[in-house]
Amino acid sequence: MGILEDKSRARLFYKYLSTVYDRVNPFIWNEEMRAEALSLLDLDAGDRVLDVGCGTGFGTEGLLQYTDDVHGLDQSIHQMEKAFEKFGRTDEVNFYRGDAERLPFADDSFDAVWSSGSIEYWPNPVDALAEFRRIVKPGGPVLVVGPNYPSSSVFQRLADAIMLFYDEAEADRMFAEAGFEDVEHVTMGPTYNPDIAITTLARVP
């Protein structure tokens, strides 16, 4: 388990990262990548969507282009305060402070779940994915964007020491253990590294 796959350390990390996150993020996860991932999610107007690990609201902003019923959850109050500045606390988006592995929502309460740049910090990703399956209506989509496992052995060792990086086979395993059957993957990234992220789309059985 990487050093940041610990909730208290991840919160501390994002306390300081929140001050520069929106300036750094475009070099890793940009609007073009977000648009490509959103096209896979295939939302309908009026869909009730949860953004898990919403952070400063970059993914949230994209979701609002498709539906007005967007909800954001994050464990870092420092990241969420940046999102509040953009959207208000309950104006355009309803925000919740919470844990991806124990979501404070009833079964079948959302039409879709989106999560980008968050899974790498979850100590128990299968538990969180099972929660996604629980709160999304049958047939609804779950989309997760995470860091693709590097091909270089040197970078693999570095990645393993920091947080969760994974490939398609590992994504298949995690989603299957969480109860998903219909799963597909797309790699994407900025021009300097077009395979930096792995995007997984699954349907709730």
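Between Val145 and Leu143 the shortest heavy-atom distance is CG2-CD2, 3.6 Å. Nearest heavy-atom pair across Pro104 and Leu73 is CD-CD1, 3.7 Å. Residues Ala197 and Met33 come closest through the heavy atom pair CB-CE, 4.1 Å. Closest approach of Glu101 to Glu131, counting heavy atoms only: O-CG, 3.5 Å. Minimum interatomic distance between Gly57 and Phe87 (heavy atoms only, all atoms of both residues): O-CZ, 3.7 Å. Closest heavy-atom contact between Ala45 and Thr67: C-OG1, 4.5 Å.
More than 12 heavy atoms of other shown residues, nucleotides or ligands fall within 6.0 angstrom of atom CD in Glu92.
Under the 3.5 Å distance criterion, with hydrogens and angles disregarded, a donor-acceptor pair is assigned to the side chains of Asp51 and Thr60. A donor-acceptor pair shorter than 3.5 Å cannot be found between the side chains of Asp167 and His185.
The side-chain heavy atoms of Arg34 and Gln65, taken from C-beta on, include a pair separated by under 4.5 Å. Looking at Thr187 and Thr199, their side chains never come closer than 4.5 Å, going by heavy atoms from C-beta outward. Val186 is listed as a side-chain neighbour of Leu40, based on a closest heavy-atom distance under 4.5 Å. You'll find the side chain of Val144 reaches within 4.5 Å of the side chain of Phe175, heavy atoms only. Contact annotation: the side chain of Asp108 never approaches that of Arg134 to less than 4.5 Å [non-hydrogen atoms, C-beta and beyond]. Side-chain contact between Leu103 and Phe132 is present, with at least one heavy-atom pair separated by less than 4.5 Å. Counting heavy atoms from C-beta outward, Phe58 and Ser116 have side chains that stay 4.5 Å or more apart. Taking the side chain as every heavy atom from C-beta outward, Val113 and Val49 never approach each other to under 4.5 Å.
With rounding to the nearest 0.5 angstrom, the CG atom of Leu201 is 7.0 Å from the CG atom of Leu41. Rounding to the nearest 0.5 angstrom, the gap separating the CE atom in Met188 from the CG atom in Asp195 is 10.5 Å. With rounding to the nearest 0.5 Å, the separation of CD1 in Ile198 from CG in Asn148 is 5.0 Å. The line from OG1 of Thr90 to CZ of Phe84 is 9.5 Å long, rounded to the nearest 0.5 Å. Atom OG of residue Ser76 and atom OH of residue Tyr121 lie 10.5 Å apart, to the nearest 0.5 angstrom.
The salt bridge (charged side-chain N to carboxylate O under 4.0 Å, His left out) check on Arg173 picks up Glu170, Glu177, with sequence neighbours excluded.
Under the 4.0 Å criterion applied to side-chain N and carboxylate O atoms, Lys137 and Asp111 are assigned as salt-bridge partners. Arg203 has no carboxylate O lying under 4.0 Å from a charged side-chain N of Glu181, or vice versa, which leaves the two without a salt bridge.
Between Phe105 and Tyr96, the distance from one ring center to the other falls under 6.0 angstrom.
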Check step by step if side chain to side chain contact (heavy atoms under 4.5 Å, CB included) holds for Phe95 and His71. CA-CA 6 Å; Phe95 287 102; His71 303 254; over 6 Å; no
